[in-house]
Amino acid sequence: MKKIRLPAALTVKELADRLSVSGAQVVKYLMSNGVTATLNASIDFDTAALAADHFGFEAESEDAAPARAPAGGGRARHPLLDLSGEDPKALVPRPPVVAVLGHVDHGKTSLLDHIRQSRVAAGEAGGITQRIGAYQVDKNGRLITFIDTPGHEAFTAMRARGADVTDVAVLVVAADDGVMPQTDEAIQHIRAAGVPIVVALNKIDRDNANPDRVLQQLSEREVIPEEYGGTTPLVRTSARTGQGIDDLLDVILLVSDIEEPKANPKRPAVGTVIDSRLERGRGPIATVLVQNGTLRVGDQVVAGAVHGTVRALVTDAGKRVKEAGPSMPVVVTGLRDVAVAGDILQVMDSERAARTLAEQRATTQRQAIAQPVRRITLADLATQTTDGGIKRLNLLIKAEANGSLEAVRGQITKIDDPTVRIEVVADGVGAVTESDVNLAAVTDSIVIGFNVRPDPAAKAAAETQGVDVRYYEVIYQITDDIEKAIKGLYEPTFVEVFQGRAEVRRVFTVDGRNAIAGSHVVEGRITRGATIRVMRDGGEIHKGRIERLRRFKDDVREVAQGFDCGITVEDFTDFQEGDLLEAYTVEQQNL
Ligand code: GDP
């Protein structure tokens, strides 16, 4: 099949031109699949790919990785959330959406709880308030939406899944404790998202509170408070006494007035799933933060690979509503399945259109399982396509101690090559964590770990997200590798790492060939990305990557010892009962 590259969104007419068919043919095809679209209607990549397939093209996404915020700032919105296509006259202000970040125990949860309760105390809520993952409060007749899951892990995990909901970030710093490692991480994560910061200098009621010291620490990190001549608003708060919390809300609204978040409530809704689960008696439920348009009971919706009809909408105050406008979080019932947090929910014209898109995405996801994503690796640097001849290398550095972190940074700044711009997107002391990997994924960075090891969750995240995580014990090796990579001379050394062993118990034929090995894992585990050595009578007869790894009818990522699975191996269709399959991965060796 011919390949064609398509953007995240395009009009039916543009698609027809690219496919060299008439617009009417595309419209007709889409109609036959339940998608009613005029020539000028904008369709998303998934829909376009479906049509492309019908006309004999294999579609590839033009931005293989979804649009990313450039490191160090700037925002990239999901195409469905891009307002540039909206009539400016239709756009009206919407409440700001606020995320709360900061070091553990500095009072994020207490602040969120206090803000929430003060509203209930005002006697405004009708029903029983419930935690749905986000809530709205009223401040002098204006609304503010708070995301109820504090911390940069949740913040960046959502972004790594493509969701970008936050307009203002509240950075909580305890006045007694000051800036701590996770405060630094939070600052880096907020910066990478390009979101404005409001500092809540919390626990101001404590005897040992030392606000001046914290202001100083923040300034050193270029989060310069207004009272020091900078641009970052800072409010002294206490989640215990409630001091300053009203001011904090006012300041959030002030910052929001500069940002001017807007939306067009008069269009079908687009939003983000921020929480989702199966609930007894209600079926699958999802908290959706509406970002543009208005969501209504009866709407046909699709969220990722899940579709349904909106049966009921319930607010965080437990009130049933008929509709939810921009920046409003609501619990949606009526989805056919549990949606994935971070997925975009959109309203479709018909049940059929919603179902078709959901099914198409389910198929794409199944295919994607067989093909791990690949982001930038150090070895790619030499061949990177560049703007104006300058390559970009974004790094996220973790080291075992402050001293060695400084040393690594120092050496990296010494790399002086006019063809490459190296930017340290984030750094910190400690192991490489899952949230580091997520941040690297959203900023297209390579992770460098110096004298540290990954935690298992980070390793798994790096594998699924295709992030290049590299470990070093000698500094010059880091700069050496980077310099070689810039020149295209970098040749990684690879080692085989044994993973597991399976015994072929039954062979299944496809087109008369012994293509599928019905196997039992007798040792370790077998994962999708592994290479298989087929052993017969003690000798190797073939070596190849796993093509498919299945349990029952499903593609799986991993099969553990004691379980059965079906394995197909690239370029091999000659399995016999009794063959031994040794799985190994090929890993880059850098100490
Ligand atoms: P989180 O980990 O950032 O969510 O922090 P928590 O909200 O769980 O707060 C950690 C501890 O600090 C709890 O024991 C809170 O009661 C206490 N705490 C939070 N805010 C304040 C405050 O403003 N003043 C005082 N004195 N204690 C606070």
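All ligand and atom numbering here is 1-based and tracks the order in the structure. These numbers come from the heavy atoms of this one structure, side chains and all, not from hydrogens, waters or symmetry mates.
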### Task
Verify, without hydrogens or angle tests, whether Q291 (side chain) and D164 (backbone) share a donor-acceptor contact under 3.5 angstrom.
yes
### Message
At under 4.0 Å between heavy atoms, is it the side chain or the backbone of H106 that contacts ligand 1, or both, or neither?
### Response
backbone
#### Entry: Polar side chain donor-acceptor pair, Y472 to N451, under 3.5 angstrom
no
### Task
Can you pull out the closest protein heavy atom to atom 16 (O) of ligand 1? Residue, atom name and distance to 0.1 Å, please.
R240 NH2, 3.3 Å
### Task
Taking only heavy atoms of V104 into account, list the atoms of ligand 1 that are under 4.0 Å away from them.
2 (O)
### Task
Determine whether the side chain, the backbone, both or neither of D205 has a heavy atom under 4.0 Å from any heavy atom of ligand 1.
side chain
### For S110, atoms of ligand 1 separated by under 4.0 Å from a heavy atom
6 (P), 7 (O), 9 (O), 15 (C), 19 (C), 20 (N)
### Query
When you measure from atom 12 (O) of ligand 1 to every protein heavy atom, which one gives the shortest distance, and what is it?
K203 NZ, 3.0 Å
### Task
Give the residue, atom name and distance (to 0.1 Å) of the protein heavy atom nearest atom 2 (O) of ligand 1.
D105 N, 2.7 Å
### Query
Where is the nearest protein heavy atom to atom 20 (N) of ligand 1: which residue, which atom, and how far?
N202 ND2, 3.1 Å
### Query
Applying the side-chain hydrogen bond (donor to acceptor under 3.5 Å, both in side chains) test to D436, which of H189, K398, Q188 qualifies?
K398
### Task
Scan side-chain atoms only and decide if T527 and Q499 contain a donor-acceptor pair under the 3.5 Å cut-off.
yes
### Task
Taking atom types as modelled, find out whether Q465 and N438 have a side-chain donor-acceptor pair closer than 3.5 angstrom.
yes
### Message
salt bridge (charged side-chain N to carboxylate O under 4.0 Å, His left out), that's the test. Do D205 and R240 meet it? Break it down for me.
### Response
CA-CA 8 Å; D205 59 292; R240 176 147 301 168; 5.1 Å; no
### Query
Would atom 24 (N) of ligand 1 count as contacted, meaning some protein heavy atom under 4.0 Å?
yes
### Summary
For S238 and T241, the nearest pair of non-hydrogen atoms, with its separation, is OG-N, 3.0 Å
### Query
Which protein heavy atom lies closest to atom 5 (O) of ligand 1, and at what distance to 0.1 Å?
G107 N, 3.1 Å
#### Entry: Under 3.5 Å: N/O of A239 near N/O of ligand 1
yes
### Query
Using heavy atoms and a threshold below 4.0 Å, how should the contact between H103 and ligand 1 be classified: side chain, backbone, both, or neither?
backbone
### Query
For atom 4 (O) of ligand 1, what is the nearest protein heavy atom, given as residue, atom name and distance?
T109 OG1, 2.5 Å
### Task
Answer yes if the side chains of H106 and D177 hold a donor-acceptor pair under 3.5 Å, and no otherwise.
yes
### Query
Just checking, any donor-acceptor pair under 3.5 angstrom between side chains of T294 and E323?
no
